[in-house]
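Labels below follow one simple rule: chain letters A, B, ... track the order of the sequence lines, proteins then strands, and each chain is numbered from 1.
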Protein chains: 2
Amino acid sequence: MAILRAKWYIGKHTNTCYSMKIPVGIVDDHQLFLKSLSLMLKSFKVYDVVVEALNGKELQEKIELCPVQPSIMLLDVNMPVMNGIETAKWLSNKYPQMKLVALSMNDNDMVIIDMIKAGCCAYLLKETHPDELEKALQEIHMKGYYNADTSNVNFRRLLQSEKESIQITEKEKAFLQYACSDLTYKEIAALMFLSERTIDGYRETLFAKLKVQSRVGLALEAIKRGLVTL
Amino acid sequence: MAILRAKWYIGKHTNTCYSMKIPVGIVDDHQLFLKSLSLMLKSFKVYDVVVEALNGKELQEKIELCPVQPSIMLLDVNMPVMNGIETAKWLSNKYPQMKLVALSMNDNDMVIIDMIKAGCCAYLLKETHPDELEKALQEIHMKGYYNADTSNVNFRRLLQSEKESIQITEKEKAFLQYACSDLTYKEIAALMFLSERTIDGYRETLFAKLKVQSRVGLALEAIKRGLVTL
DNA sequence: TTTCAATACGGGAAATTTCCCGGGGTAGCT
DNA sequence: AGCTACCCCGGGAAATTTCCCGTATTGAAA
């Protein structure tokens, strides 16, 4: 593949050939981070940021108009409107050959499991050093994946929890959102047009799924896993 | 003041005079953001990043060894080890002439009030556009402050809540940390070597201070205000 | 047609949270 | 000495949460 080898060739001709650079995309809701990361990638010389978006929805619109399809897409996990998981699913379905890289804030963020499942070939923390990002991108482009063994997240824990990966329905997610508030269950029931018993049922199943025994634990776990928007 | 005027002069001589650039510092625990923001500031041509640190503690060590004292310091709010508020307090005490700029993730982050009180002359969201950052830095350097009227955070709300600004003691903060967990109050009481009544008292005063009526609300509010580390 | 999963609902009781009432003490400030 | 702020503790009762016991409907799968 031409592009693949082009990377090494380019080093000496950085300004000669635009299309030879590896096209990448970035999706992150923090514009300051988005733009400066874009700048950093460009400073690596071999990458060309062809699309930037603040969330998955915006990406969907922008990627169509993109002259060069990105071969690597950097995806933030926590985003409003359309988050990382949904975006990853959409991308890996529509652009299966595209390499997806998850960018997360904290390593105890359980959603990275879902990101891998949604088609990401790597996950990186925002705490990582730029050198590692460069190394990671290089490896992803060459090998198709990157395993950050130096990262504080280890794969074993991931694969281990892969089995016990949980499924949360839309209704449950809606309830979770209400549960993460100062409301009582009675008030939540009224807001959802459901009986208190039904709410009780949702609570119980979610307690089991998230392995907690109180509503506080439930709310905190939901936040940690990015199931709700604070 | 020489440096103040130098800014306009420099534009055409970017590489000639190092010390004429405005020296800035950045503190942020996300290394990727730290480094790329640094890169971006440098790309603005008139700024020179003289110190970078991952948290307040690291800054304390690095700033001593710094050849040129930064005149503007960009401070992330949420950091491990030593957070933005503590760092701002320390800086505004030790380097009173230094301009402090708070960098926050979300605008409902109540801690920005505390950041202003701790001596910051501006607050910026990470969602802001680079252009606004540049404009803000320019204004801060010239006028000494920046009021982001275009930002979604408005000053009125800040000044309004300034009065009703709350004080949280160390003990209360310790309790809050325990309250943000799956533990019952009885278990928390045991862990803190206190009576359940005492815990009950802390709960009550914190309910009043944070204006909530349930433990879930308390936990969520504590997280929003950055009073606890998740 | 049966079985199964998902969804919605109800009564009752135990545990916990929440909210009253009350009582101490120390430390610093004026 | 009074005042204020912080810290510590107890009894009792109402409200809410948590956990049992169930039933019923629906639609999809076997």
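Checked by atom type and distance alone, the side chain of B/Ser181 never pairs as donor or acceptor with a backbone atom of B/Gln177 at under 3.5 Å.
Between B/Trp90 and B/Tyr95, the two ring planes are perpendicular [angle over 60°; tilted spans 30° to 60°].
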> Base, backbone or nothing for each nucleotide of nucleotides 11-18 of chain D, written B, S, -, heavy atoms under 4.0 angstrom, 5' to 3'?
Replying inline: BB----SB
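Screening residues 166-177 of chain A for salt bridge (charged side-chain N to carboxylate O under 4.0 Å, His left out) gives A/Glu170-A/Lys173, A/Glu172-A/Lys209 as the qualifying pairs, with residues at least two apart or on separate chains.
Rounded to an integer number of Å, the gap from CG of B/Leu194 to C1' of C/dG25 is 14 Å. Computed from coordinates, the B/Ile199 CD1 to D/dC9 P distance equals 9 Å when rounded to whole Å. Rounding to whole angstrom units, CD of residue A/Glu170 and P of C/dA6 are separated by 15 Å. Atom-to-atom, CZ of B/Phe193 to P of D/dC7 comes out at 18 Å; the value is rounded to the nearest Å.
Partners of B/Glu61 by salt bridge (charged side-chain N to carboxylate O under 4.0 Å, His left out), not counting sequence neighbours: none found. Remark: B/Ser36 pairs with A/Ser36 by the side chain to side chain donor-acceptor pair (under 3.5 Å) rule, at least two apart or across chains. Legend: residues meeting salt bridge (charged side-chain N to carboxylate O under 4.0 Å, His left out) with A/Asp200, ordered by chain and number and at least two apart, are A/Arg203.
You'll find the side chain of A/Leu218 stays beyond 4.5 Å of the side chain of B/Val216, heavy atoms only.
Note that the two end axes of the helix from C/dT1-D/dA30 to C/dT30-D/dA1 enclose an angle of 30°, each drawn from 5 base pairs, rounded to 10 degrees.
Ion pairing between a basic and an acidic side chain is recognised when a charged N comes within 4.0 Å of a carboxylate O; A/Glu139 and A/Lys99 show no such pairing.
Residue A/Tyr202 places none of its side-chain N or O atoms closer than 4.0 Å to OP1 or OP2 of C/dA6.
Counting non-hydrogen atoms under 4.0 angstrom, B/Thr198 reaches a base of the nucleic acid.
Checking D/dC9, C/dC9, C/dC20 against every side-chain atom of B/Glu204, the shortest atom distance belongs to C/dC20.
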